[in-house]
Amino acid sequence: MKDAVILVVDDDPKIRTLLRRCFEGAGYSVRDAADKSTALAALAAGPVDLVTLDLNLGNDDGLDIARAMRATSKVPIIMVTAKDDVIDRIIGLEIGADDYITKPFHLREVLARIKSVLRRTTDTTPLSPPIPQSRCWQFDDMTAVPEELSLRDRSGALVDITSGEFKLLEVFLERPKRVLSREQLMDLTGGHCYAPLDRTIDNQVARLRKKIERNPASPRLISTIRGIGYSFTCDVRSCDGQSSSKSADKALAKSD
């Protein structure tokens, strides 16, 4: 969204100027505000696609501003602040902030976070429907049983796998050979349980690879799609012998 409008809320004029130049250099339109009243007026003045919000604004509390914005708008909010208190972070996310960056920050990181949040909040492309649920899945000589949250390795022994790791595996098994972005994986695995950072999914994938790959250092089952996310490249069959590709075709046909 190169034409997105970003509202920068910070009481430090140097920070506002720095972020404005950075964002405009990246192709975004920018408005800025130094206090609560100006910020809310700027938000009401026209469409805003994302807000960067400082939590410490002199006499104004950034959390109060976030609450006021959430009362009238679903605009994505990234909190950019020198406050690194865990309670403030939790409250901010509970209010509805979409990300949280602490000062001092690197401008490239801020831009990366903005792009990630904008992708996550503006991508309305529907996911292809999952293939029908099965009593169990078989892939690469391994067996996963959703009802039991159990995974058996190639020798038939149970694998020590967490519920979060199994949920991620189940998402992949239901959508084999489809490219899934990190944002889609977060949503499909219950992303509200995660901090809104790409690395969360990366770490979860790394842990899952250790459980299912023959050689985690050279993964064959879960492929990294550079700049996008991941794809489960292995053939998957349900326990009744039906291939996942046929089931997927049926599911897609029903959705048409």
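Listed here is the closest heavy atom pair of Pro76 and Asp49: CD-O, 3.1 Å. Residue Pro146 comes nearest to Glu170 through the heavy atom pair CB-OE2, 3.7 Å, listed as atom of the first residue, atom of the second, then distance. Of all the heavy atoms in Cys234 and Pro176, the pair that sits closest is O-CB, 4.0 Å. The two residues Ala34 and Leu57 have their closest heavy-atom pair at O-CD2, 4.1 Å. Of all heavy-atom pairs between Pro216 and Arg209, the closest is CG-O, 3.8 Å. Here the shortest heavy-atom pairing between Gly46 and Arg31 reads O-NH1, 3.3 Å.
Shown are Val171, Val145, Val159, Leu149; of these, the side-chain contact (heavy atoms from CB on, under 4.5 Å) with Phe166 is made only by Leu149. Exactly one of Asp99, Leu53, Ile6, Val110 qualifies for a side-chain contact (heavy atoms from CB on, under 4.5 Å) with Ile78. That residue is Asp99. Exactly one of Arg113, Arg70, Lys74 qualifies for a salt bridge (Lys or Arg N to Asp or Glu O under 4.0 Å) with Asp98. That residue is Arg70. For the pairing with Met79, the side-chain contact (heavy atoms from CB on, under 4.5 Å) check across Val9, Thr52, Leu63, Asp54 returns one residue only, Leu63. Partner of Lys14 under the side-chain contact (heavy atoms from CB on, under 4.5 Å) criterion, out of Asp10, Leu18, Asp12: Asp12 alone.
Within the 4.5 Å cutoff, the side chain of Leu158 has no heavy atoms near those of the Leu151 side chain. You'll find the side chain of Pro219 stays beyond 4.5 Å of the side chain of Ile222, heavy atoms only. No side-chain heavy atom of Thr143 sits less than 4.5 Å from a side-chain heavy atom of Trp137. Here the side chains of Val8 and Phe23 are in contact, with some heavy-atom distance below 4.5 Å. Between Tyr230 and Val179, every side-chain heavy-atom pair lies at or beyond the 4.5 Å cut-off. Using a 4.5 Å heavy-atom cutoff, the side chains of Leu168 and Arg207 are not in contact. Put simply, the side chain of His106 does not reach to within 4.5 Å of the side chain of Leu111, judged on heavy atoms. Counting heavy atoms from C-beta outward, Ser73 and Leu43 have side chains that approach closer than 4.5 Å.
A side-chain donor-acceptor contact under 3.5 Å links Asp35 and Thr38.
Between Lys211 and Glu165, at least one side-chain nitrogen of the basic residue sits less than 4.0 Å from a carboxylate oxygen of the acidic one, meeting the salt-bridge criterion. By the 4.0 Å N-to-carboxylate-O rule, Asp32 lies close enough to Arg20 to be salt-bridged with it. Contact check on Arg154 versus Asp140 returns a salt bridge, with a Lys/Arg side-chain nitrogen under 4.0 Å from an Asp/Glu carboxylate oxygen. Between Arg214 and Asp141 a salt bridge is recorded (basic side-chain N to carboxylate O distance below 4.0 Å).
Using a 30° and 60° split on the angle between ring planes, Phe232 and Phe172 fall in the parallel class, below 30°.
If you take OG on Ser150 and CG on Asp160, they are separated by 12.5 Å, rounding to the nearest 0.5 Å. Within the model, atoms CG of Leu7 and CG of Leu19 stand 11.5 Å from one another, a figure rounded to the nearest 0.5 Å. Remark: Gln138 CD to Arg152 CZ distance equals 12.5 Å, nearest 0.5 Å. Here the CD atom belonging to Gln204 is positioned 7.0 Å from the OG1 atom belonging to Thr189, to the nearest 0.5 angstrom. The distance from the CG atom of Leu173 to the CZ atom of Phe139 is 5.5 Å, given to the nearest 0.5 Å. With rounding to the nearest 0.5 angstrom, the CG atom of Leu208 is 13.5 Å from the NZ atom of Lys167.
Judged by distance alone, with hydrogens and angles left aside, the side-chain atoms of Thr233 form a donor-acceptor pair with the main-chain N or O of Leu221 at under 3.5 Å. Between the side chain of Gln184 and the backbone N or O of Ser181, at least one donor-acceptor pair lies under 3.5 Å.
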Subject >> Worked check of salt bridge (Lys or Arg N to Asp or Glu O under 4.0 Å) between Asp202 and Arg182 >> reply: CA-CA 8 Å; Asp202 293 338; Arg182 291 174 173 83; 2.8 Å; yes

Original post:
Taking it one step at a time, do Tyr28 and Leu118 satisfy side chain to side chain contact (heavy atoms under 4.5 Å, CB included)?
Top reply: CA-CA 12 Å; Tyr28 299 114; Leu118 286 174; 3.9 Å; yes

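Counting heavy atoms of neighbouring residues, nucleotides and ligands inside a 6.0 Å radius, atom CG of Asn59 does not exceed 12 of them.
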